[in-house]
Amino acid sequence: MTTNTTVGARDAQSAKPGAATRSGEPGRDFASKSVPRHLARGAVGFGLIIGSIALVPVAGPVTLLAAPLALIAFRGCPTCWMVGLAQTISRGRLERQCVDGVCVITRTQPPTQPANR
């Protein structure tokens, strides 16, 4: 008689103490400290991409070397930046809770303001 003790990758990961972040997925946070800061990163990233392509006729293909710098501003690709924008906007408003393999997104209550005395 044998007992199946295989644990799925997700179950093993969630069993580790401190493995999950607030969103439930470790290492999946692309958000910035604030929306204006995130928009500034996007402006720099998209500016580098657009500028490097637009300046090719003027300065030659060497301007394409500026495009990889956009990946630093985006913290990955433009899609990563878009995901981070959604995370930054929803930070503190939505929370994902997973119990027994079922995940639910719930709204969190805003912190109550202390009464002025």
Side-chain angles (χ1 to χ4, degrees):
M1 176 151 81
T2 60
T3 305
N4 188 358
T5 59
T6 306
V7 178
R10 275 198 236 161
D11 295 334
Q13 192 175 31
S14 63
K16 294 177 187 173
T21 60
R22 187 171 162 214
S23 65
E25 290 286 328
R28 304 268 188 213
D29 192 15
F30 296 105
S32 294
K33 301 264 184 221
S34 67
V35 173
R37 181 180 287 187
H38 197 84
L39 292 175
R41 279 190 24 243
V44 169
F46 285 115
L48 284 169
I49 289 175
I50 292 168
S52 69
I53 293 171
L55 291 174
V56 168
V58 176
V62 74
T63 59
L64 293 175
L65 295 174
L69 296 176
L71 298 177
I72 295 170
F74 286 140
R75 292 187 192 160
C77 61
T79 304
C80 300
W81 180 83
M82 294 294 285
V83 168
L85 180 61
Q87 287 178 344
T88 304
I89 292 171
S90 72
R91 175 153 287 164
R93 294 187 184 110
L94 299 175
E95 186 173 298
R96 185 173 83 180
Q97 299 173 346
C98 297
V99 176
D100 295 329
V102 177
C103 296
V104 180
I105 296 178
T106 58
R107 288 181 158 230
T108 58
Q109 297 296 327
T112 57
Q113 298 292 329
N116 292 335
R117 293 180 189 192

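Numbers here are sequence positions counted from 1.
- When atom types are taken as modelled, the side chain of Thr63 and the backbone of Ser52 share a donor-acceptor pair closer than 3.5 angstrom.
- A continuous path of hydrophobic side-chain contacts links Phe74 to Leu39 [ILVMFWY only; heavy atoms under 4.5 Å].
- For Ala31 against Gln87, the heavy-atom pair with the smallest separation is N-OE1, 3.2 Å.
- Under the 3.5 Å distance criterion, the side-chain polar atoms of His38 are matched with a main-chain donor or acceptor of Trp81.
- Atom CG of Leu65 has more than 12 heavy atoms from other residues, nucleotides or ligands within 6.0 Å.
- Across all non-hydrogen atoms, the minimal contact from Gly76 to Cys80 is CA-SG, 4.2 Å.
- In the hydrophobic clustering of this structure, Leu48 does not group with Leu55; members are Ile, Leu, Val, Met, Phe, Trp, Tyr whose side-chain heavy atoms approach within less than 4.5 Å, directly or through other members.
- Hydrophobic clustering (side-chain heavy atoms under 4.5 Å, transitive across Ile, Leu, Val, Met, Phe, Trp, Tyr) groups Val35 together with Met82.
- How far CD1 of Ile89 is from OG of Ser34: 11.5 Å, rounded to the nearest 0.5 Å.
- Residues Ala73 and Val44 approach most closely at CB-CG1, 4.0 Å, considering heavy atoms.
- Here the closest heavy-atom approach between residue Ala70 and residue Ile49 is recorded as CB-CG1, 3.6 Å.
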